[in-house]
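As structure tokens, the structure follows; a few thoughts come after it.
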Amino acid sequence: MKRMPLFFSVLAVLVLIVVAAVIALLPSPQAAVTAQQVQALYRITDSFVQQLDSKAPQLDRLFADAKNAGANSLLWDAPIQDKKLFGEVAKQTAKQNLGFVVALNTQTEPKEKDSLTKKYPISGFCGIDISDNELKIYPPQTEGLQQIVLPDESGAEFYSLWAQATPMIPVTAGTDGQNHIVLCQQLQSPPVIPQTTLTPSPVLSIGLPLPDQKTTAEQHFVAGMADPALPLLVNEQPVEVQKGGFWGVVVPLQEGENTIIATQEGQTASLIITRTKPKEGTWTPKDPVPDSSEALEAGQFIQITSPLASLLSNYEDDDTILQTVYQGAVAQVEESVEFTRGKKQTHAYRINSGWILAKDCKPLKETSSQQLTAANFRKEGRNSIFRFEGGTPLVAANRTEDSLSLFLSGAVLDGSLWTETGMAQTVTFEQKENGLILRFDFPQNALWGWSVDYADNAAEIILKATPELTENPTLPLEGITILLDAGHGLDDLGALGPMGADGPTEKDLNLGVALAAKQRLEQLGAIVLMSREEDVFYTLEERNRQLRQTKPDLFIALHHNSIPLTKNVNEVHGVECYYFYPSGKLLAQNLADTVSRFLQRDNRGEKYNYFYVTRSDICPAVLLEIGFTPNPAEYSSCADAEGIAKTAYAISKAVEDTLQGKKPQINEK
């Protein structure tokens, strides 16, 4: 009787050994990839799970898609209603040597974590939290899962987190069709965090208007900084403090000195605005003073002396610009008119294509026609360059989708044209009594831009072929040259925000966006040129000269908007983009659309205007107004790292869309 327990004990030990050996041969319940090894996840959505059963062939496709997308783990981002299905997916995932990460709602499913770990091969867990912008953020619950980010459809949120150096593990793709593997591949290098990042102070201050402000207006906008967690009073009236720590309010003004007092938890800031009476009495304009210009006879020649002159259809209206003409160009006068401009008596000269103001040119003594010879032709990248020698005729253009007709004022062709046509299909000419018509014909939309350069008694006609995106999805802009012009600089502060001159001003925001956009565009393969990369100042003439000399494929001047502080600035906000030549309209539309959508700002649309820096037709050239700096809410978004990063990403998306010929679906103004 005493041997039975021993027998059973030995038998039990043997059984345990056998069981242990069998277990050792069975697959481990642990995940093939541990939480510490997770690098990129492929998302399984609820809609996908509802169409799935444990024997469905979708699983094989799921694993293949995950691996093709560069993911080494699956992210189960769906309710766990069918435990059998969930277990089968987990087991098959482990056999595929993929990790299996489960998203749990931290508030409703905290207890499921332990039970799931015991039953299924799970690499790790992450909690779900829905942020204000409805981007799903997965805070860490397991060592090694620092943070998991589910990218939005555009990728802007995902990119902005990367640009701010936010620790994260990206979801590279999802079964709902979103795929961000290309974006992940572009983000291999560490980011350069935007340099104008704000660090708002809780110290109460008034930044706008500047001290010693005088006005005749009945009201004025006042703005500053405060603690957003505490109530704020301005002249004893409650004022909302925006999330970024900025506030702004319109205050009524009485005649004389008006003291504006802001108070918050024992802190006080004050400012005096003086309202003066409008000057009374009548103003009698003085007689216009003649300038040094003179009337010219028909047939006489003039030469453009201004770096950038306007060819006008109406010499009395600057808004009637037909085209920009450049320094050195020579034209033949057909008529001379005297008129009053401002406080001066001056002249305008009609040439074949329009009117030139006397202030932009000088008369030439010689009146003979310019004898031109077609000297040579050369190609430089996408540029076809046709050189004339023997003169510098003013060139007026008529451009269509498949042709470019150039009128060379007063020119006579001596000999024949070039034997090569470059990017053009044909090049022909027609001699007129008052000049030469040169015509280039192209395949439809093959011409991207054109320009003319003058030097050494010669003129070069430059034609730029339309650039195209590459077939490499990671470097779609490879070979594309983009010139970014950060407006203002040094003592030219530009528009001020609620911090006045004590915080980032427009010049700083412009440069911050330019540097961030350079980083993003270079990730896409673009060659990015900068008008400035530090706090220096260039004149408008110098900036336009850079555009003419570099001849990029795209030119974008970066600015931030302002508005008189006599209005309620809180009601003025949004993005707008300006162009001069029709070639810039699509880029302006796409920039206004993407920046407004990605930053959730109003789209004020594309607008025509003759800004100095956009007056070149060698490529689409635009001026982008990113937001209104005096508006406290918009300033906060414009000046922080997230806003700058998203703006840079939006600019790159607009560039891609423009090169593909895409138009925005909605273009509200």
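With hydrogens and angles ignored, the 3.5 Å screen pairs a side-chain donor or acceptor of Arg532 with a backbone N or O of His488. Checking side-chain atoms of Asn631 against main-chain N and O of Phe628 turns up no donor-acceptor pair under 3.5 Å. Under a 3.5 Å cut-off, the side chain of Ser306 and the backbone N or O of Asp360 do not form any donor-acceptor pair. A donor-acceptor pair is defined here as one N or O able to donate and one able to accept, closer than 3.5 Å; such a pair exists between the side chain of Ser596 and the backbone of Asp593. Proximity of a side-chain donor or acceptor of Arg275 to a complementary backbone N or O of Asn258 within less than 3.5 Å is not detected. Judged by distance alone, the side chain of Lys286 and the main-chain N or O of Lys343 form no donor-acceptor pair under 3.5 Å. With Glu218 contributing its side chain and Leu253 its backbone, the two residues share no donor-acceptor pair below 3.5 Å. Here the side chain of Glu606 pairs no donor or acceptor atom with the backbone of Ala592 at under 3.5 angstrom. In this structure, Thr166 contributes its side chain and Trp162 its backbone to no donor-acceptor pair below 3.5 Å. The backbone N or O of Asp152 lies less than 3.5 Å from no partner atom in the side chain of Glu157, so there is not a single donor-acceptor pair.
Contacts of Lys518 classified as salt bridge (charged side-chain N to carboxylate O under 4.0 Å, His left out), with partners at least two apart in sequence or in another chain: Glu522. The salt bridge (charged side-chain N to carboxylate O under 4.0 Å, His left out) check on Arg341 picks up Asp318, with sequence neighbours excluded.
Closest approach of Pro190 and Gln519 over heavy atoms only: O-OE1, 4.3 Å. Closest of all the heavy-atom pairs between Gln345 and Pro288 is OE1-CG, 3.4 Å. The heavy-atom pair separating Ala163 from Ala645 by the smallest distance is CB-CB, 3.5 Å. Summarising the geometry of Ala514 relative to Leu484, their closest heavy-atom pair is O-CD1, 3.5 Å, with the distance given to 0.1 Å. Of all heavy-atom pairs spanning Leu587 and Phe555, the tightest one is CD2-O, 4.3 Å. When all heavy atoms are compared, the tightest approach of Asp77 to Arg43 is OD2-NE, 2.9 Å.
If you take CD1 on Ile261 and CG on Leu233, they are separated by 11.5 Å, rounding to the nearest 0.5 Å. Gln323 contributes atom CD, which lies 4.5 Å from atom OH of Tyr581 (distance to the nearest 0.5 angstrom). Atom OG1 of Thr550 is separated from atom CG of Asp553 by 10.0 Å, given to the nearest 0.5 angstrom. To the nearest 0.5 Å, atoms OG1 (Thr305) and CD (Gln327) are separated by 7.0 Å. Rounding to the nearest 0.5 Å places OH of Tyr635 at 10.0 Å from NE2 of His560. Here the OG atom belonging to Ser205 is positioned 11.0 Å from the CG atom belonging to Leu271, to the nearest 0.5 angstrom.
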Arg543 and Gln546: CA distance, side-chain angles, deciding distance, side-chain hydrogen bond (donor to acceptor under 3.5 Å, both in side chains) verdict: CA-CA 5 Å; Arg543 294 170 195 265; Gln546 289 183 55; over 6 Å; no

Tyr610 vs Phe580, ring-ring contact (aromatic ring centres under 6.0 Å, His included): CA-CA, chis, key distance, verdict: CA-CA 5 Å; Tyr610 43 92; Phe580 175 69; 7.2 Å; no

side-chain contact (heavy atoms from CB on, under 4.5 Å) between Lys663 and Leu586, intermediate numbers included: CA-CA 7 Å; Lys663 296 182 179 180; Leu586 179 59; 3.6 Å; yes

Stepwise salt bridge (Lys or Arg N to Asp or Glu O under 4.0 Å) check, Glu656 with Lys662: CA-CA 9 Å; Glu656 287 190 84; Lys662 292 183 179 179; over 6 Å; no

Full working for side-chain contact (heavy atoms from CB on, under 4.5 Å) between Val528 and Met530: CA-CA 7 Å; Val528 181; Met530 302 279 283; 4.2 Å; yes

Test side-chain contact (heavy atoms from CB on, under 4.5 Å) applied to Glu634 and Thr629, step by step: CA-CA 7 Å; Glu634 200 144 278; Thr629 59; over 6 Å; no

Derivation and outcome, side-chain contact (heavy atoms from CB on, under 4.5 Å), residues Leu554 and Val655: CA-CA 8 Å; Leu554 296 168; Val655 166; 3.5 Å; yes

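The closest side-chain heavy-atom distance from Leu311 to Ile321 is not below 4.5 Å. Looking at heavy atoms from C-beta onward, Phe598 lies out of side-chain contact with Ser160 at the 4.5 angstrom threshold. The closest side-chain heavy-atom distance from Thr274 to Thr276 is below 4.5 Å. Looking only at side-chain heavy atoms (C-beta outward), Phe339 and Thr346 come within less than 4.5 Å of each other. Contact check for Leu357 versus Leu312: side-chain heavy atoms found under the 4.5 Å cut-off. At least one side-chain heavy atom of Tyr159 sits less than 4.5 Å from a side-chain heavy atom of Gln523. For the pair Asp485/Ile556, no side-chain contact is recorded, criterion being any heavy-atom separation below 4.5 Å from C-beta on. Between Ile272 and Ile260, every side-chain heavy-atom pair lies at or beyond the 4.5 Å cut-off.
Counting only N and O atoms by type, the side chains of Ser616 and Arg548 include no donor and acceptor under 3.5 Å apart. Counted by atom type alone, Glu625 and His559 present zero donor-acceptor pairs between their side chains at under 3.5 Å. Checked by atom type, the side-chain pair Asp227/Gln264 shows no donor-acceptor distance below 3.5 Å. Side-chain N/O atoms of Thr320 and Asn314 include no donor and acceptor closer than 3.5 Å.
For Asp317, the CG atom is densely surrounded, since the number of other residues' heavy atoms within 6.0 Å is greater than 12. Enclosure of atom CG in Asp212 is not indicated, since only 12 or fewer non-hydrogen atoms of other residues, nucleotides or ligands lie within 6.0 angstrom.
Aromatic rings of Phe611 and Tyr578 (six-membered ring for Trp) have centroids within the 6.0 Å cut-off, being under it.
For the pair Asp492 and Lys507, the salt-bridge criterion is not met [side-chain N within less than 4.0 Å of a carboxylate O]. A salt bridge is absent between Lys344 and Asp291: the closest approach of a Lys/Arg side-chain nitrogen to an acidic carboxylate oxygen does not fall below 4.0 angstrom.
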